[in-house]
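Let me begin by presenting the structure, written as structure tokens, before commenting on it.
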Amino acid sequence: MGARGGSGLYVGRRAAALVAAVLLALLAALLALAALYGRCRGEEAPPAPPKSPDGAAGGAGVPGGPPGVPSWRRLPRHLLPLHYDLELWPRVRPGQAGPFSFVGQVNITVRCRQDTRAAVLHSAGLRIRGAAVRGPLPEPGDAVWGSLPNPGVVVEVPELQEAAGEVAVLELRGRLQAGRRYVLQLGFQGRLEEDLDGLFLTRYTDQGRSSMLIASQLEPTYARTVYPCFDEPAMKATFNIRIIHDPSYVALSNMPAIDTSEMKDENGSLWTVTTFKTSLKMSTYITAFVICDFDYVTRTERGNEIRIWARKEAIKNGYVDYALNITGPIFSFLEDLLNISYPLPKTDLVALPDFGAGAMENWGLMTFQESSLMYLPSDKFTSRKAMIAIIVSHELGHQWFGNLVTMKWWNDLWLNEGLASYFEYLGATFVEPRLSLDKIFYDHVVQPVLREDNEVGVRSLSQNEDKIKGSFSLISLFDSITYNKGASITWMLSGFLTEKLFIKALNLYLKEFSFSNANQDDLWTHIQMVVDAQDEVHLPASVKKIMDSWTCQNGFPVLTLNITTGTISQEQFLNKKNENTSTDSYNNTWIVPISWMRNGSSQPLIWLDKSSKFFPEMQVSESEYDWILLNVNLSGYYRVNYDQLNLKRLVHLLENDPKAIPAVSRFQLLDDVFALTQFGYIQIETALELTKYLAREDELFIWNVVLLNLVPENLESTLKNYEVYPLLKKYLLKRMLPIYHYYAGFIRQNVDALEHDYFAKVYLEKLFATACWLGLQDCLDLSYELYTKWMDNPQYKIPFLIRRTVSCYGVALGSDKEWNFAWEMYNHTDSTKEDKDILLSAMSCAKESWLLHRYLQYGLSDTLFSSNCTSIIISYVVTKDIGHRIAWDFVTENWPLLNERYGKELLHDVLKVMGRFVNTDVQIQESICLDSFPRYSLFFLKNSIFVLSACDQHTCVSPELQFRKHIFFCNDRFSRIMCFFSH
């Protein structure tokens, strides 16, 4: 986005204030109206602007642009693309030095829908070398697709302009006639950068040799940076693609190669020309190109040739074999589930050494960051195998949701990403049946987005088209709201419809809009058709009315149950402790499906379709064994707040028979009460009462949510300074011992038995780190025992599940001997990047001050560490028990050198961590006196201070932690925690 111009109208301060007040009042009124009556729908493409007298598009033009260029970023619908003949020629040879460029030619067959004298299409950063328009063409049947017919009439292009909004405008001498077909012919040239967007070049090492490759990433709007095109998801077309490349490379695209030939350039040098089969009808953002020197492995699944391409070394070592083995079965699973066959004859998955998007679903040519496809023998005790299954399954889900049927516009991106995120877990648990679908879905998808979707400014899942303008705002849509909330409300939808009806509706939806586009109302309509055709599932309102309440409003509800009166009420879940938030001003109401259980027996689904409703079946007896649980197994996207009577009964139940409540519901119950505490709905004692049963809890993913709330990693060293620490230690260790000893037994005797325990791979480290932090002697002894074993035999591998904890406490419990061994291993040539990070952290765990001083001094050496390690070392040291004062003194003493070498980048990284340890006015004054201390950084540090004056002693908490609203922040709450633990 360019800078604004300097000209304009001057307005005085008083006038400006008055105007601002009026605008604010108007904005408030509009927001209120939107909340009461607003609808998020705006699906239809904007109509073509009215014709001006000469037949060109009318309306206001882009500043500096000719008539016919619309003032918004959507293209006019005068011309619709039917087919592209695209030739790309990256002028790159192996070992060649840059700069690099590419040239190309695109011939776009279009249908004219309205008479016009201008052709408007997207082009960004390209130099268009020539443009022509030919036609009108003969109609289909008289011409051969994929090749230009007899040149015919040429419509002159006297002027070509590149206007604002990343568009190119071909002004025509004649008029294109509605109903006829034409061909736009454009030559172009562009720069080939190493920026991982558009068409890019990346360098890597394979078998000890430096190499480079070319790949593409075109979502959301980068296709226009590679070739002039109609770069909108609803403007689908077929493609004939031809790539010219160095003979030592192989070229890949969406479709299979059908021909290779040779050509010579103007210097007589030889190039290879690879021509690909005509594609299916698809959007520009999923066209894809890879030119590389990779090897591949292959298998065929139901006629679909699947190839996984990667570095030769990775192929030789079998690193992509696991991905290959699961890709075919997931394809078949999705085909059978959705009852729609995959329409392409081949699928390539390419493992790119450097790829910013993580993974991309391009039809027939999916691209991945190589770590998302490679499973190494050393990954046995990591979660990588599950991660590969999830990521591959997500991209395969896109072959139906995104590629076959595409959202009409980006405001409904969740139809692509939310549905793919839902099916990724179905596919992953199909090929990895040991993964628990409901546990992993709640832990990875629902709980994280519930933590984010609770602020006033968070957007709704689906928005009006008018709000989605420009590439920047499009990119911001690729967030957890689109992915995780989209998947969560899909999970809820499938739950209240039943999976059978949901899949049947999706089948109708996919068949209706195959090779086309849809919006969320189209999905609701096809679900409604299925619901109306049966009499088993009855809904309280139309599917559209129910689901719009979840997709068109921001946030989600919290349900409050009173078992004495039998009423359930709802309100938007917002932070009641935030002075700027008043829940009274938000009248959002959802139509809520409530799955529930009474005394261990599942009950029929009920619906809350107003702010409060009486349910006689929710009134319970006086027996303490009469209890109610809502939102069983997290079937709905909301939180639940129980009255004290029901909570008391749930506490009693957990202490006597925790398995009476399903594991996912136990997780949800604890997650909800901690969130309700942090946001001011209930007192902290209520949450802590529910943790009393934990000695009988054997699920690691449940323990993890408890520890994240009671012992967050970035408060560990701070909490030790409070008198609450010994109370917390006694309380937690008493309950942790059973699950700790269970897993410690495996670590000592048979660690291989944990290979298929997913949550042990993900969360056992946190359990052991907390046990050691609390001073559990067995944990300390085990850590030192395993570290010593490693010192005695460097070939020995500490179990990866707890390697970080063992390395830290091995150094902490030792002397310079243990520290020096960590240093030696860090500098070992075989150490992986992950190994090095573990050791960087471990060396900061030393308990002897002189070792930490030496370590920080090492950090200043360019010969011992790379420059980006300096801030990491300081950040690690500052978080340790004795390290924060040492790190503070080091930074203040060496500030001139640090500032000169690393500047603001280092400062930002370090102060983010250090802010919560600056706990005296003297230290603040020291920071003020630092030479060259940038003004913005001083502001950051001074505003990091949050003094708990009523607590044991002054301390500091960073804004990051304030945002998390940790339970220890509030002064009176802190004393109540101490009281609870002391009893």
Side-chain angles (χ1 to χ4, degrees), residues 81 83-84 216-223 229-239 241 252-256 276-290 301-302 304-307 327-328 330-335 337-350 357-368 391-410 412-424 426-427 478 482-483 486-487 490 506-507 509-520 522-523:
H83 179 78
Y84 290 78
S216 63
Q217 168 57 29
L218 306 187
E219 189 181 34
T221 57
Y222 295 111
C229 58
F230 294 82
D231 197 13
E232 295 188 7
M235 303 184 87
K236 291 188 172 184
T238 55
F239 290 78
I241 293 171
L252 305 172
S253 190
N254 303 83
M255 300 299 290
F276 299 90
K277 186 177 179 180
T278 302
S279 79
L280 302 176
K281 192 177 179 184
M282 62 184 185
S283 303
T284 50
Y285 77 86
I286 55 172
T287 55
F289 323 99
V290 172
E301 182 86 9
R302 296 182 179 178
N304 175 16
E305 184 187 12
I306 300 168
R307 299 182 298 185
T327 299
I330 294 174
F331 256 126
S332 297
F333 167 76
L334 292 173
E335 282 186 326
L337 182 65
L338 298 170
N339 196 25
I340 293 180
S341 298
Y342 177 67
L344 271 65
K346 70 93 177 176
T347 303
D348 288 315
L349 293 79
V350 184
M360 181 61 201
E361 66 268 17
N362 313 303
W363 223 355
L365 180 57
M366 289 175 270
T367 46
F368 298 79
I391 293 174
V392 169
S393 186
H394 179 94
E395 303 310 324
L396 295 183
H398 272 308
Q399 307 309 298
W400 286 267
F401 301 101
N403 296 359
L404 184 65
V405 178
T406 313
M407 75 272 146
K408 283 185 178 178
W409 186 241
W410 300 101
D412 277 332
L413 178 61
W414 80 269
L415 292 176
N416 282 22
E417 299 298 349
L419 287 168
S421 296
Y422 170 79
F423 280 100
E424 76 184 52
L426 272 63
F478 291 80
T482 292
Y483 287 76
T490 303
L506 287 181
N507 175 264
Y509 166 81
L510 290 169
K511 286 181 176 178
E512 175 72 20
F513 298 102
S514 289
F515 309 106
S516 185
N517 300 79
N519 57 43
Q520 74 170 21
D522 294 320
L523 178 59

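No hydrogens, no waters, no symmetry mates; every other heavy atom, side chains included, goes into these values.
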Flag for T367-Q217: side-chain donor and acceptor within less than 3.5 Å: no
Just by distance, with hydrogens left out, do Y342 and T347 show a side-chain donor and acceptor under 3.5 Å apart? yes
Nearest atoms (heavy-atom pairs only) where [X] meets [Y]:
X	Y	value
T284	E232	OG1-N, 4.1 Å
D412	Q520	OD2-N, 3.2 Å
S253	F289	OG-CD2, 4.0 Å

Are any non-hydrogen side-chain atoms of [X] and [Y] less than 4.5 angstrom apart?
X	Y	value
T278	M255	no
Y84	T238	no
L396	F333	no
F423	S393	no
L338	L510	yes

Just to verify, what does E305 make a salt bridge (charged side-chain N to carboxylate O under 4.0 Å, His left out) with, not counting sequence neighbours? none
Report the residues that fulfil side chain to side chain contact (heavy atoms under 4.5 Å, CB included) with A288, sequence neighbours left out, ordered by chain and then residue number. S216, N254, N362, L365
Aromatic centroids of W410 and Y285 separated by under 6.0 Å: yes
